[in-house]
Asks: 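Before anything else, here's the structure in question.
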Amino acid sequence: MSEEIQVSVRGEENVTVIDLVGDVTTFAEEAINQAYQSASADGAKNIVFNFRENDYINSAGIAILIGVVTEARKRDQKLLMTGLSAHFQKIFRMVGLTQYADLYPTVTDALASVNGETAA
Amino acid sequence: MTPQSNRVVELRIPSELGYEKIAREAVATVAHRLNFTKEKVEDIKTAISEACTNAIRYGSGSDARMKVVVILTADEDKLDILIKDPGASGAPPIDIDIPDIDGMVEGKRRLGGMGLYIIRELVDEAGFVEASDEDEGNQFRMVIYRVEDNKKESSPEAKASGSENGGLA
């Protein structure tokens, strides 16, 4: 029943972007963790999780992201999140996830923040 | 369906993670027809997803031979949602704490345990209610009013049932 998530990793200027397309639920755990480990193995210091706006995210999916936060803190990595709908931005704030990952509307905005530019 | 009508939609979904999306889509359709705002519809979708996930995972042990029953009752001023599960894990929790994300990040707390908290924050009333004599298992009820101000005017009956049975509201 759950839409299988498609996770891909790409490099941008000083940032590694992990694109998530599909449901972020308990079924996404392996794919998200593999992508994160792959990015870390390549030395990523700034990692953007880029969500597709209308996808389904539940508390199990949020727990997976908290697990990533735990690892990222050990590795002194900066996490950023983009593409979230206003609703899921609210949920992420509600559970406290935004203490550990800054939210931006788009990947472009996140890149501008990391690289000290003003977003267009 | 007009807001004046009283309609009941009943779903029986397999107790298997992923099937909560059926309830999610169904409640979205009902909530749209009741003219809830777009943001409130999103709140309701997330709340029912979390409640059904709990019913599947904890209330029936993710055993797809079991069923989770979702009853959506739409009336003039509110949407009433009742979720029934077989109660495989025994009594439901009574106290719901704010998620300790710092503890989770530091490895002092297990990851998870956020679903009921999220539900409580998103709907007007939420809590486990006592099952009738014919029913066994857990019943979790959520109420969402069409007008925000009605939150403060929720019925004494609903509040009493919530507080007596580990209600969250």
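Hydrogens, waters and symmetry mates play no part in the numbers below; they use all other heavy atoms, side chains included. Here is how names work: the chains are called A, B, and so on, in the same order as the sequence lines, proteins then strands, and each is numbered from 1.
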Asks: Nearest 0.5 Å, what's the CE-CG distance between Met114(B) and Asn58(A)?
Replies: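 Nearest 0.5 Å value for the CE-CG distance: 9.0 Å.
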Asks: First locate atom CD1 of Ile91(A), then atom CG of Leu122(B), and finally report the distance between them rounded to the nearest 0.5 Å.
Replies: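 Rounded to the nearest 0.5 Å, the CD1-CG separation comes to 4.5 Å.
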Asks: Say you draw a straight line from NZ of Lys90(A) to CD of Glu121(B); how long is it, rounded to the nearest 0.5 Å?
Replies: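 Reported value, rounded in 0.5 Å steps: 10.0 Å.
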Asks: Please tell me if the side chains of Thr26(A) and Leu17(B) come closer than 4.5 Å, counting only heavy atoms from C-beta onward.
Replies: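 Contact flag for Thr26(A)/Leu17(B) side chains = yes.
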Asks: Hydrophobic clusters here meaning ILVMFWY residues chained together by side-chain heavy-atom distances under 4.5 Å, can you tell me if Phe140(B) and Val9(B) are in one?
Replies: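 Result: yes, single cluster for both.
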Asks: Are Ile62(A) and Val68(A) linked, directly or through other ILVMFWY residues, by side chains that come within less than 4.5 angstrom of each other?
Replies: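 As far as the 4.5 Å side-chain criterion goes, Val68(A) and Ile62(A) are connected within one cluster.
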Asks: With chain A as the partner, which of Ile98(B), Asp43(B), Thr53(B) has the greatest number of non-hydrogen pairs under 4.5 Å?
Replies: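 When all of Ile98(B), Asp43(B), Thr53(B) are compared, Asp43(B) has the most.
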Asks: About how many Å separate CG of Leu111(B) and OG1 of Thr70(A), when rounded to the nearest 0.5 Å?
Replies: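 So the gap between those two atoms works out to 6.0 Å.
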Asks: Under 4.5 Å heavy-atom distance to chain B, tell me which part of Ile64(A) shows up: side chain, backbone, both or neither.
Replies: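 No part of Ile64(A) comes within 4.5 Å of chain B.
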Asks: Checking heavy atoms, do the side chain of Glu42(B), its backbone, both or neither come under 4.5 Å from chain A?
Replies: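 For Glu42(B), heavy atoms of backbone and side chain both lie under 4.5 Å from chain A.
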Asks: Tell me, side chain or backbone of Arg24(B) under 4.5 Å from chain A's heavy atoms, or both, or neither?
Replies: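 Arg24(B) touches chain A through side-chain heavy atoms alone.
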Asks: Which bit of Glu71(A) is near chain B, if near means a heavy-atom gap under 4.5 Å: side chain, backbone, both or neither?
Replies: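 Answer is neither: Glu71(A) stays 4.5 Å or more from chain B.
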Asks: With a 4.5 Å cut-off on heavy-atom pairs, point out which of Val69(A), Val95(A), Ile57(A), Leu97(A) contacts chain B the most.
Replies: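 Highest number of pairs under 4.5 Å: Val95(A).
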Asks: Taking the side chain as everything from C-beta on, heavy atoms only, tell me whether Val105(B) gets closer than 4.5 Å to Gln99(A).
Replies: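 SC-SC contact between Val105(B) and Gln99(A) ruled out.
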Asks: Quick check: is Tyr58(B) connected to Val68(B) through a chain of hydrophobic side chains (ILVMFWY, heavy atoms under 4.5 Å apart)?
Replies: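 The answer is no; the residues belong to distinct hydrophobic clusters.
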Asks: Any link between Tyr104(A) and Met81(A) through a network of hydrophobic side chains (Ile, Leu, Val, Met, Phe, Trp, Tyr) touching at under 4.5 Å?
Replies: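 Unlinked, Tyr104(A) and Met81(A) end up in two clusters.
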Asks: Surrounding CZ of Arg12(B) (heavy atoms of other residues, nucleotides or ligands, distance under 6.0 Å), is the total greater than 12?
Replies: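 For Arg12(B), atom CZ is not crowded (no more than 12 foreign heavy atoms under 6.0 Å).
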Asks: Need one label for Asp100(B): side chain, backbone, both or neither, based on atoms under 4.5 Å from any heavy atom in chain A.
Replies: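 Neither part.
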Asks: So how far is it from Arg109(B) CZ to Ile66(A) CD1, rounded to the nearest 0.5 Å?
Replies: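 That separation rounds to 12.5 Å.
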Asks: Pick from Lys38(B), Glu50(B), Arg110(B): which one has the most heavy-atom pairs with chain A under 4.5 Å?
Replies: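 Maximum pair count with chain A is reached by Glu50(B).
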Asks: Following the transitive rule for hydrophobic clusters with a side-chain heavy-atom cut-off under 4.5 Å over Ile, Leu, Val, Met, Phe, Trp and Tyr, establish whether Val9(A) and Ile32(A) coincide in one cluster.
Replies: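 In one cluster: yes.
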Asks: Can you see which heavy atom on Ala63(A) is nearest to which on Gly112(B), and at what distance?
Replies: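 So the two residues come closest at CB-N, 4.0 Å.
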Asks: Can you establish whether the number of heavy atoms outside Gln89(A) located under 6.0 Å from its atom CD is more than 12?
Replies: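 It does: Gln89(A) CD has more than 12 such atoms within range.
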Asks: Check whether Ser85(A) gets within reach of chain B through its side chain, its backbone, both or neither, counting any heavy atom under 4.5 Å.
Replies: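 Contact with chain B is absent: no heavy atom of Ser85(A) under 4.5 Å.
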Asks: Quick one: of Arg57(B), Glu39(B), Glu20(B), who has the most non-hydrogen atom pairs under 4.5 Å with chain A?
Replies: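 Ranked by contacts with chain A, first place is Glu39(B).
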Asks: What pair of heavy atoms forms the shortest contact from Ser49(B) to Tyr56(A), and how long is it?
Replies: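 The pair with the smallest heavy-atom distance is CB-OH, 3.5 Å.
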Asks: What's the separation between atom OG1 in Thr46(B) and atom NE2 in His87(A), rounded to the nearest 0.5 Å?
Replies: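 Result: 2.5 Å between the selected atoms.
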